[in-house]
Amino acid sequence: MSEERDVMEFDLLVVGAGPAGLSCAIHAKQLNPELNVCVLEKGATVGSHILAGAVIEPGPLEELLPNWKDNAPEVCVPVSRDEIRMMSAQGSFKFPIVPPQMNNHGNYIVSLSSLTQKMAEAAEELGVEIYPGFPARMPLYNEAGEVIGVRTGDMGVDKDGNPKDGYTPGMDLHAKLTVFAEGARGSCSKQLVAKYGLDAQADPQTYGIGIKELWQLPPGRTEPGLVMHTMGWPLDNKTYGGSFVYHLEDDKLAIGFVVGLDYEDPHLEPFEKFQEFKNHPHIKPLLEGGEIVSYGARAIVEGGWQSLPKMEMPGAALIGCGAGTLNVPKIKGVHQAIRSGMEIAKQFHEKASAEGFDARVREGAIGAELKRVRNIRPSFHWGLWVGLMISGLETLFAGLLPYTLRNRADHSALKKVSTHKPLTPGNRDLPPRDRLSAVYFAATEHDEDQPVHLRVEDTNICVTRCAEEYDNPCTRFCPAKVYEMVEVDGAKQLQINAANCVHCKTCDIKDPYQIINWVTPEGGAGPNYQLM
Amino acid sequence: MKVLVPIKRAVDYNVRVRVKNDGSGVELNGVKMSVNPFDEIANEEALRLKEKGVVTEVVVATIGVAKAEDQLRSELARGADRAIHVVADQDIQPLQAARILKKLVEDEGIDLVLMGKQAIDDDANQTGQMLATLLGWPQATFASKVEIEGQTARVDREIDAGIETLEVDLPAVITADLRLNEPRFIKLPDIMKAKRKPLDKRELGDFDIDVPTLEVTETRPPSGREPGRMVKDVDELIATLKDKGLV
């Protein structure tokens, strides 16, 4: 479709209303109220597509919005106590001390969907234009090859790509600087990294998948402010990951599980591991009799210092988890995301371009924090025990030891199905029964009559090579059961239930042949997270 | 012809509604709120009538909390000309809403009210009918097609036996059913323009809503369903049913 598109001009255009994008918009307006700043968000509302534990370190937020507590997020509980446990199938061992990175004294448990809504209110008060329901479909370039903005997605296209009644073409937004703050594995960011070779000097980016449930429990069971993390069971020692259990107010509990996407076993189902974990004798009594309020999943960026791509290109910059500023050992990304947003706003204010932003990040607080812990996450490639040992050493020497461990691409870590025995399903009887009943609590919604937004380049591979080599891992790693192998007229074929998608991006990352491309569906489609 | 489109801020249709732990109502804390979908359809119909040249002005109005301004802005972005916000922090029941709307109709010199047949939160399906009665106007509810010629509206309604066509004299109250139309997508530049469209705030105190109201004594979720059990074959099914004394 090559019709004339409306064009709008801005000084600063931000893609993604997460903590990074909103901090950029807010700080840009604080530095220069005259600026014309626009934020695009693919979710139907700000916060509807964002999900995190989330324990936040409030420093950078306080710097950005000193009065943030006056309009506090719906969930905002000061951390009262930290607990770290090593799990075995029946028991658990509580660490006598909490490693310094994981000490949460002075931090807050918040709902990130609620925090971003509050940040959006602050941004709008400063005159930022925020447009939820409008995904950035693709970056736009000028003839010199510079980024000049983005095109938003078309609305009202049927599943075969034809315009329906009410078809509304997307429009072009141009800006002096476009800041991509799309979160882990952003669909535009991915194109930009490829086009400008932003990862040429970096290791491949690595990720984890985080699955979270919010529970309403019978009265009196929680200890508001208690932050518990676990390692070990039900994951084997070769697989990186663990759980988080955060006690909120009003008898609510945030519980979740993270699995490093560099896992090797093609049989592994992150969703099932989470459910098994919930049924551990130490955890189950907490949840029994309660009900699920919300469910969701999201890829988490884990590559850290050595995987950080170049964060600038002509006309644009990458910030937050879209670049990869999250601090894995701390299990925190929000404070770094906010810093990166403020940093690009300062950069734009001083230089009116992205040039020099990358050095600024690496040499500043963001880079220092990442560099110090750079060897911790990759040390777990050798398993849990070696990882813990190296992490201890690295922490002791504050990252000053003169070596850097390398990262490898997650999809390349998957081993062939022939090398691993099938896993035996664990005992579990707490809800949800399966992924479909879980997805119901994500309140995800996509018009069925639109093009499938999970583009599989070659579906023949699914029935031939992939079935044989990996037994179609997409049917297992997806936390929303989007991918199914079905039999049609006696032959297997891939069925994509795109309407279930919760926009976590795991398939785009972990698919061993890298033929799944996640693109933005119609604006406003996707999960509707509440208090996540 | 001036049209009034009353709209209501309601819990979004995608949200799984939860009853509060103390049974005092449903949880609205942190819950996504949207325009009641039937009201979007009503506004769309008013806009189409305007595009046909039948209507000259579309006024959207709501009665509700300060944040309900978001919903008014969204309907202004769809194309309404201006908005009226009757700010109310308390729960407003249908008869009270109808009385407020009656005064707005009179104050604004409205010729036609187009509104949703019901709101998806309380499903009361009363305000339109009550408003018509209070105004002494004809009403055509559950409209699936609206045609206006001169001072007459022809309205199709989907009823059990098929389609019923009514003719009502204007001014009238017409309430919109699901299949009346499919509301247009809101365009980005229109959201921006909507921020500058006129929006009048009015105090609840300007209206006489002193009428007997219903008292909600308790809200509770439906009782849970017994889990099902898979049986291997017909014999087991029959045996189980016999066991339970059901056959």
Side-chain angles (χ1 to χ4, degrees), chain A residues 6-8 38 40 43-45 47-48 73-75 111 113-114 117 121 124 129-134 152 154-156 164-171 173 214 216-219 250-252 291-295 429 433 440-445 522-532, chain B residues 9 11-24 26-35 37 40-41 44 47-48 51 66-67 69-71 73-74 77-79 179-196 220-225 227-230:
Chain A
D6 292 336
V7 179
M8 283 169 88
C38 172
L40 290 181
T45 54
S48 63
E74 308 282 353
V75 173
S111 147
S113 33
S114 182
Q117 281 165 21
E121 285 172 22
E124 283 183 323
E129 313 257 359
I130 303 178
Y131 297 108
F134 293 92
T152 64
D154 297 340
M155 305 288 283
K164 295 190 277 191
D165 286 350
Y167 166 71
T168 308
M171 57 181 305
L173 306 186
L214 182 68
Q216 181 73 48
L217 302 180
D250 307 322
D251 302 301
K252 286 195 172 69
E291 57 167 333
I292 303 178
V293 177
S294 208
Y295 167 87
D429 46 27
R433 187 176 62 244
Y440 170 64
F441 293 96
T444 191
E445 196 256 339
E522 193 166 86
N528 284 285
Y529 295 143
Q530 316 280 339
L531 299 180
M532 287 293 265
Chain B
R9 172 182 165 95
V11 173
D12 186 84
Y13 68 97
N14 283 310
V15 170
R16 189 180 153 271
V17 174
R18 273 190 64 254
V19 173
K20 279 189 202 164
N21 270 12
D22 61 4
S24 65
V26 298
E27 187 65 73
L28 296 179
N29 205 358
V31 168
K32 182 182 168 198
M33 305 295 281
S34 301
V35 180
E40 293 182 338
I41 294 169
E44 174 66 32
L47 297 172
R48 290 184 188 185
E51 282 156 4
K67 287 285 262 173
E69 188 178 326
D70 295 350
Q71 280 67 43
R73 292 284 174 206
S74 146
R78 204 181 301 281
R179 273 178 286 275
L180 178 57
N181 61 51
E182 209 171 303
R184 67 195 65 188
F185 295 110
I186 295 175
K187 289 184 189 156
L188 208 149
D190 294 336
I191 300 178
M192 208 173 266
K193 279 181 211 146
K195 288 183 181 164
R196 290 188 292 270
R220 61 170 184 270
S223 47
R225 234 181 59 187
R229 185 161 73 83
M230 296 297 279

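Source: prediction; values computed, not measured. Here is how names work: the chains are called A, B, and so on, in the same order as the sequence lines, proteins then strands, and each is numbered from 1.
More than 12 heavy atoms of other residues, nucleotides or ligands shown are found within 6.0 angstrom of CG on Asp22(B). In Lys252(A), the NZ atom is crowded: over 12 heavy atoms of neighbouring residues, nucleotides or ligands sit closer than 6.0 Å. The number of heavy atoms from other shown groups lying within 6.0 Å of CD (Glu182(B)) does not exceed 12.
Lys20(B) NZ to Asp250(A) CG: the interatomic distance, rounded to the nearest 0.5 Å, is 11.0 Å. From Thr45(A), atom OG1 reaches atom CG of Asp12(B) across 8.0 Å, with rounding to the nearest 0.5 Å. The CZ atom of Phe134(A) sits 7.5 Å away from atom CD1 of Ile186(B), with the distance rounded to the nearest 0.5 Å.
For chain B, the nearby parts of Val293(A) are the backbone and the side chain; heavy atoms of each come within less than 4.5 Å. Only the side chain of Glu291(A) comes within contact range of chain B, with heavy atoms under 4.5 Å apart. Only the side chain of Arg18(B) comes within contact range of chain A, with heavy atoms under 4.5 Å apart.
Counting all heavy atoms, side chain and backbone alike, Ile292(A) lies closest to Arg16(B) at O-NH1, 3.8 Å. When every heavy atom of Phe185(B) is checked against every heavy atom of Met155(A), the shortest pair comes out as CD2-CE, 3.4 Å.
The interface of residues 522-530 of chain A with chain B, defined by heavy-atom distances below 4.5 Å, comprises Glu522(A), Asn528(A), Gln530(A).
Looking at heavy atoms from C-beta onward, Pro189(B) lies in side-chain contact with Met171(A) at the 4.5 angstrom threshold. Side chains of Glu129(A) and Lys195(B) form a contact here, defined as non-hydrogen atoms less than 4.5 Å apart.
When each of Val15(B), Asn21(B), Ile191(B), Leu188(B) is checked for heavy-atom pairs under 4.5 Å with chain A, Leu188(B) comes out on top.
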Check the pair Met8(A) / Met192(B) against side chain to side chain contact (heavy atoms under 4.5 Å, CB included), numbers first and verdict last. CA-CA 11 Å; Met8(A) 283 169 88; Met192(B) 208 173 266; 3.0 Å; yes

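A search for side-chain hydrogen bond (donor to acceptor under 3.5 Å, both in side chains) contacts involving Thr168(A) returns nothing, not counting sequence neighbours.
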